[in-house]
Amino acid sequence: GSFMVTIGYGQPVNGGFAPLSNPYTACTQVNFLAIGGSSYKWKFGDGDSTNTSNGSVYHTYGTPGLYTMSVTITNSCGNSAVYTETVQIDPIPTPVITLNGSTFTSSSAASYQWYLGTGIISGATSKTYTANTSGMYKVMITDSNGCTSFSAPLCYATVNAGPDAFVCSGGTAQMNAQIGSTSYLW
């Protein structure tokens, strides 16, 4: 999100933040923007601050919460004004996926995108996904505030034991597991 402060060049400082939603809601990073000053002193409300000569600064908040940020804008005449805004940083969602048979299910969210390894699975945008290929699966969810996060990956493996075979007591049978498997349960 961005905030804009407009002041007249060489005039007494006169302006305010836009948009006027209060508090402004974001997930972690906010792009603050002010226009018309020659120097800007930013205080983000979480103990961090910075000085810039341009009116744009990005700040990443490490913890969800309500913060009051401020910017002191000084124009070319040396006049200064302080503007404040409340920023609500929402918690990042924590998706959890489970596997039942070949069907993965995600915790609830506003939207979903399933991945196999690092690749997007085209059209896999539901709460559930049925796998047909062995590999590491994860889901990226988006919550109602637009915040996104990935689940921990979960492995789905298929085993081809070959055709049915009759084995006498004490006999042997060969079973083949797919490459990449790390454990077996017979």
Side-chain angles (χ1 to χ4, degrees), residues 1-5 17-35 42 44-48 50 54-69 71 85-164 175-186:
S2 299
F3 295 105
M4 185 182 306
V5 177
F17 281 111
L20 299 177
S21 63
N22 193 2
Y24 176 78
T25 302
C27 300
T28 57
Q29 188 179 64
V30 179
N31 177 16
F32 295 104
L33 181 64
I35 299 173
W42 304 91
F44 303 107
D46 61 356
D48 286 345
T50 192
N54 66 42
S56 179
V57 65
Y58 284 90
H59 183 69
T60 300
Y61 289 89
T63 307
L66 198 60
Y67 299 92
T68 300
M69 67 79 53
V71 60
E85 183 70 40
T86 303
V87 179
Q88 170 72 45
I89 302 300
D90 291 330
I92 299 298
T94 307
V96 175
I97 57 175
T98 58
L99 178 61
N100 184 7
S102 62
T103 302
F104 289 92
T105 302
S106 172
S107 49
S108 293
S111 67
Y112 310 87
Q113 177 60 65
W114 290 93
Y115 289 73
L116 173 56
T118 58
I120 291 175
I121 303 170
S122 180
T125 57
S126 298
K127 184 176 181 173
T128 61
Y129 177 74
T130 301
N132 55 17
T133 303
S134 294
M136 298 297 286
Y137 287 82
K138 62 185 175 183
V139 68
M140 180 182 74
I141 65 168
T142 303
D143 69 11
S144 59
N145 297 316
C147 300
T148 61
S149 183
F150 281 97
S151 68
L154 192 57
C155 181
Y156 170 72
T158 59
V159 176
N160 179 1
D164 290 345
M175 300 172 80
N176 301 311
Q178 190 169 13
I179 295 173
S181 301
T182 58
S183 64
Y184 311 93
L185 177 63
W186 306 110

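The basis for the numbers below is simple: all heavy atoms, side chains too, and nothing from hydrogens, waters or symmetry mates.
The shortest distance between side-chain heavy atoms of Ile92 and Cys27 falls below 4.5 Å. Looking at Val30 and Ile89, their side chains come closer than 4.5 Å, going by heavy atoms from C-beta outward. Under the 4.5 Å side-chain criterion, counting only non-hydrogen atoms from C-beta, Thr148 is not in contact with Ile141. Using a 4.5 Å heavy-atom cutoff, the side chains of Ser106 and Val96 are not in contact. By the 4.5 Å heavy-atom criterion applied to side chains, Tyr156 and Leu99 are counted as neighbours. Side-chain contact between Phe150 and Tyr115: present, with at least one pair of heavy atoms (C-beta onward) separated by less than 4.5 Å. Put simply, the side chain of Met69 reaches to within 4.5 Å of the side chain of Tyr61, judged on heavy atoms. At least one side-chain heavy atom of Gln29 sits less than 4.5 Å from a side-chain heavy atom of Tyr58.
A pairwise comparison of heavy atoms in Pro95 and Ser107 identifies CA-OG, 3.4 Å as the closest pair. When every heavy atom of Trp42 is checked against every heavy atom of Gly55, the shortest pair comes out as CZ2-O, 3.7 Å. Between Pro64 and Pro91 the shortest heavy-atom distance is CG-CA, 3.5 Å. Across every non-hydrogen atom of Ala157 and Ser134, the tightest pair is CA-OG, 3.4 Å. Closest approach of Pro153 to Lys138, counting heavy atoms only: CA-CB, 4.1 Å. Nearest heavy atom pair, residue Thr86 against residue Thr68, reads OG1-OG1, 4.2 Å.
A donor-acceptor contact closer than 3.5 angstrom is absent between the side chains of Asn31 and His59. With hydrogens and angles left out, the side-chain atoms of Thr105 and Lys127 include no donor and acceptor closer than 3.5 Å. Checked by atom type, the side-chain pair Thr103/Thr130 shows a donor-acceptor distance below 3.5 Å.
A donor-acceptor pair is defined here as one N or O able to donate and one able to accept, closer than 3.5 Å; no such pair exists between the side chain of Asn145 and the backbone of Cys147. The backbone N or O of Val139 lies less than 3.5 Å from a partner atom in the side chain of Ser151, making a donor-acceptor pair. With Gln113 contributing its side chain and Ile121 its backbone, the two residues share a donor-acceptor pair below 3.5 Å. Judged purely by atom type and a 3.5 angstrom limit, Trp114 uses its side chain to pair as donor or acceptor with the backbone of Ser126.
Taking CG from Asp48 and OG1 from Thr60, the interatomic distance works out to 9.5 Å, rounded to the nearest 0.5 Å.
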What do the steps show when you test Phe44 against Thr50 for side-chain contact (heavy atoms from CB on, under 4.5 Å), and what is the final call?
-> CA-CA 9 Å; Phe44 303 107; Thr50 192; 3.9 Å; yes
Check step by step if ring pair (Phe, Tyr, Trp, His ring centres under 6.0 Å) holds for Tyr129 and Phe104.
-> CA-CA 5 Å; Tyr129 177 74; Phe104 289 92; 7.1 Å; no
Intermediate values then yes/no, side-chain contact (heavy atoms from CB on, under 4.5 Å), Asp46 and Thr63 | CA-CA 9 Å; Asp46 61 356; Thr63 307; over 6 Å; no
